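Some notes on the structure that comes next.
Only a predicted model underlies this, so the values are computations on that prediction, with no experimental measurement involved. For the single chain, residues carry numbers from 1 onward in sequence order.
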Amino acid sequence: MEAPLLEDTVEGAVDYHGRPVRRSDSGGWRSAALIIGVEVAERFAYYGVSSNLINFLTDQLGQSTATAAENVNVWSGAASLLPLLGAFLADSFLGRYRTIALSSVLYILGLGLLTVSATLHSPSISGCQQTEKSLPCSPGLFQVILFFSSVYIVAFAQGGHKPCVQAFGADQFDAQHPEESKAKSSFFNWWYFCISLATFATVNILNYVQDNLSWSLGFGIPCISMVLALVVFLLGTRTYRFINRGDEENPFVRIGRVFITAVRNWRVNSSEIAHEEEICGLLPHHSSQQFRFLNKALIVPYSSKEGGHTCTISEVEEAKAVLRLVPIWVTCLAYAVVFSQSSTFFTKQGVTMNRSIVPGFEVPAASLQSVIGLSIVVSLPIYDRILIPIARNFTGKPSGITMLQRIGFGMLLSALSMVIAALVEIKRLETAQEYGLVDLPKATVPLSIWWLVPQYVLFGVADVFTMVGLQEFFYDQAPSGLRSIGLSLYLSIFGVGNFLSSFLISAIEKLSSGDGKESWFNNNLNKAHLDYFYWLLAGLSAVGLAAFLCFARTCIYGKGNTT
């Protein structure tokens with residue numbers, strides 16, 4: 001094979017066989033486009049399961065609305081936390097390419113079993129009728145076990161797939177090359193644009209198939225899409241760039257050593273730290289003054305003065321980079337709790353409303369989630385081509401606004417969406433009472449489902465700011481050897497947010513249903529009070545936004561102007 005020309009060689013990158021790669025025939029948008037295509041198929045498959053899951057649990061497995069919402073939140077939470085495990089395996093052992101390939105195989109297995117579980121019809125489900133007070137429907141035990149096993153296999157597969165695909169796509173651009181650096185900066189915007197298109201297609205096509213044709217077909221189509229995605233991914237192997245880490249020490253070991261050494265030196269006084277900082281050349285105004293206690297790792301531990309090992313400045317800075325992510329991670333949890341509502345209570349609200357477009361055709365309630373994807377698809381080009389140039393003229397910054405400003409504005413829109421959701425729910429309850437439908441849970445409330453559109457639109461526009469901002473922030477601020485972990489930390493925000501949502505629902509269910517009172521989440525939504533829940537989430541969002549602004553103003557971040 002012809003050796004790559006020196007001037008065309010991409011520094012720090014190799015091909016699948018470990019050989020140097022040429023810029024002209026590797027990486028760039030050609031490889032990134034293939035990887036984005038794989039992610040589009042994966043999102044199509046994932047949302048084909050998640051977007052309508054609450055209706056499968058209530059209609060096919062006979063669960064109550066509150067129980068189904070809790071199960072959806074727990075599953076979504078697990079699916080969003082498992083990327084931490086997948087990223088650890090990728091960054092420490094398997095590498096991103098192998099992790100993506102193995103996760104795709106696991107995805108196909110989970111979706112295949114899910115399709116089988118949907119074909120197992122329970123006679124008790126098809127013949128029973130839901131009542132106001134109880135849900136006597138009970139599916140077969142084997143069907144329940146197979147179903148939950150299948151969806152959690154999908155969650156594990158997503159855990160390996162999600163953090164690695166985006167990081168692997170970003171790896172196809174050389175940050176040191178002027179043109180590729182510009183392309184990399186827009187990669188995250190177009191990445192989210194494409195997966196939003198996939199989400200839009202999913203909720204319009206698959207939800208209709210699941211509600212009107214067959215659940216087994218609705219789960220089988222995503223399985224086929226993942227088979228095609230795996231084939232496309234493997235076909236691009238020869239064009240991919242792989243980061244060459246050589247004999248570099250495991251980043252988890254390096255960062256762990258910093259924390260352990262700093263703890264062992266907890267008795268070191270400030271004068272000793274200042275002396276070591278002076279020797280190392282750290283200036284008082286340097287960002288190293290943040291989390292200064294970790295600078296104790298620069299000193300040989302007292303317990304091992306002879307032959308003891310100190311940490312380097314770069315290792316200490318890596319550990320600080322990880323810590324800098326924590327305040328933003330914590331303060332975005334309220335946003336994640338709100339984010340989980342679009343696939344649970346929003347969908348159940350839509351089921352009760354007038355969904356007719358033309359006589360004989362009703363919009364599937366879960367399909368309204370497509371409005372989120374559509375608003376993202378419309379908003380992202382406007383943001384990228386119009387708003388950013390205007391903001392650039394005022395701020396003088398190449399990015400127009402900083403990543404943290406972008407995240408904060410999206411959090412504000414998220415809080416407003418909960419206010420609108422509460423007002424719309426009040427309107428729905430008033431309409432049900434006006435027409436005497438409070439005691440008729442199966443009756444259609446004569447209020448158009450389009451009343452829900454504004455809260456979905458705000459969800460989508462908020463995503464353009466906060467979701468994309470978080471992706472870029474956690475990739476940019478994570479140490480170079482931990483990019484997959486950085487993106488998995490971003491995903492874990494939504495995992496913990498789903499668990500918090502499930503906890504809130506469970507706690508409120510118990511508190512609001514005692515002493516003969518009607519629960520906020522009554523199976524008869526005409527007697528429930530989702531409006532109270534939405535007002536609570538609006539308040540939590542306001543608190544989260546205030547805390548975020550506080551940290552964003554005081555924290556120092558590296559690798560660019562983010563504050």
Side-chain angles (χ1 to χ4, degrees), residues 41-86 88-89 99-126 135 137-163 202 206-207 209-210 214-227 229-230 340 343-344 366 488 491-492 494-496 498-499 501-502 506:
E42 187 273 337
R43 289 292 88 185
F44 180 78
Y46 178 79
Y47 284 112
V49 176
S50 67
S51 63
N52 212 14
L53 186 57
I54 190 168
N55 282 334
F56 186 91
L57 293 174
T58 55
D59 299 344
Q60 301 298 309
L61 298 188
Q63 295 186 348
S64 69
T65 300
T67 300
E70 289 178 37
N71 280 327
V72 171
N73 283 323
V74 169
W75 177 80
S76 299
S80 296
L81 284 177
L82 283 169
L84 288 169
L85 174 62
F88 171 76
L89 293 174
T99 304
I100 294 168
L102 291 174
S103 298
S104 297
V105 173
L106 195 60
Y107 236 126
I108 294 167
L109 173 63
L111 290 169
L113 292 175
L114 188 60
T115 303
V116 172
S117 75
T119 63
L120 301 176
H121 297 291
S122 173
S124 59
I125 290 295
S126 58
L135 290 169
C137 311
S138 57
L141 180 61
F142 178 73
Q143 181 186 9
V144 174
I145 293 174
L146 182 60
F147 173 79
F148 279 102
S149 298
S150 302
V151 293
Y152 276 95
I153 289 175
V154 170
F156 270 96
Q158 199 255 181
H161 205 278
K162 186 65 177 173
T202 299
L206 289 184
N207 289 342
V209 171
Q210 291 164 353
S214 165
W215 280 99
S216 55
L217 181 61
F219 291 144
I221 294 174
C223 183
I224 296 172
S225 77
M226 280 308 301
V227 172
L230 178 58
S340 67
S343 61
T344 53
S488 67
L491 291 169
S492 72
F494 300 92
V496 174
N498 276 288
F499 282 119
S501 178
S502 180
S506 180

(request) Please round to the nearest 0.5 Å and tell me the distance separating atom CG of L113 and atom OG of S150. (result) 4.5 Å
(request) Measure the OG1-CD distance between T119 and Q143 for me, rounded to the nearest 0.5 Å. (result) 8.5 Å
(message) Quick check: closest heavy atoms across S501 and N73, and the distance to 0.1 Å?
(response) OG-ND2, 3.3 Å
(request) First locate atom CG of L82, then atom NE2 of H161, and finally report the distance between them rounded to the nearest 0.5 Å. (result) 14.5 Å
(request) Name all residues meeting the side-chain hydrogen bond (donor to acceptor under 3.5 Å, both in side chains) criterion together with T99; count only those two or more places apart in sequence or in a different chain, and write none if there are none. (result) none
(message) Test: salt bridge (Lys or Arg N to Asp or Glu O under 4.0 Å). Region: residues 99-108. Which pairs qualify, not counting sequence neighbours?
(response) none
(message) To check you understand the geometry: which heavy-atom pair defines the closest contact between G48 and F219, and what is its length?
(response) O-CE2, 3.9 Å
(message) Can you list everything that forms a side-chain hydrogen bond (donor to acceptor under 3.5 Å, both in side chains) with S492? Sequence neighbours excluded, please.
(response) W329
(request) Under the side-chain hydrogen bond (donor to acceptor under 3.5 Å, both in side chains) rule, collect the residues that match up with T67, sequence neighbours excluded. (result) S64
(request) Would you mind listing every salt bridge (Lys or Arg N to Asp or Glu O under 4.0 Å) that reaches into residues 153-163, with sequence neighbours excluded? (result) E39-K162
(message) Just verifying a value: how many Å separate L217 CG and L206 CG, rounded to the nearest 0.5 Å?
(response) 8.5 Å
(message) Can you list everything that forms a ring pair (Phe, Tyr, Trp, His ring centres under 6.0 Å) with Y47? Sequence neighbours excluded, please.
(response) none
(request) For the residue pair L230 and Y107, establish whether any side-chain heavy-atom pair is separated by less than 4.5 Å. (result) no
(request) Mind checking side-chain hydrogen bond (donor to acceptor under 3.5 Å, both in side chains) for T115 and listing every partner two or more places apart, or none if nothing turns up? (result) none
(message) Quick one: does any side-chain atom of S103 pair with a main-chain N or O of I100 as donor and acceptor, under 3.5 Å?
(response) no
(message) Among residues at least two apart in sequence or on other chains, which ones pass side chain to side chain contact (heavy atoms under 4.5 Å, CB included) with F148?
(response) L57, L61, Q63, N71, V144, V151, Y152
(message) If the condition is side chain to side chain contact (heavy atoms under 4.5 Å, CB included), which residues does S149 pass it with, not counting sequence neighbours?
(response) I145
(message) Restricting to side chain to side chain contact (heavy atoms under 4.5 Å, CB included), what partner residues turn up for L106, sequence neighbours left out?
(response) L109, I153, F156, A157
(request) Drop me the distance from I54's CD1 to S76's OG, to the nearest 0.5 angstrom. (result) 10.0 Å
(message) So, using ring pair (Phe, Tyr, Trp, His ring centres under 6.0 Å) as the criterion, who are the partners of F44 when residues are at least two apart?
(response) none
(request) Take the angle between the ring planes of F56 and W215 and call it parallel below 30°, perpendicular above 60°, tilted in between. (result) perpendicular
(message) As an exercise, state the distance from CE of M226 to CD1 of I221, rounded to the nearest 0.5 Å.
(response) 15.5 Å
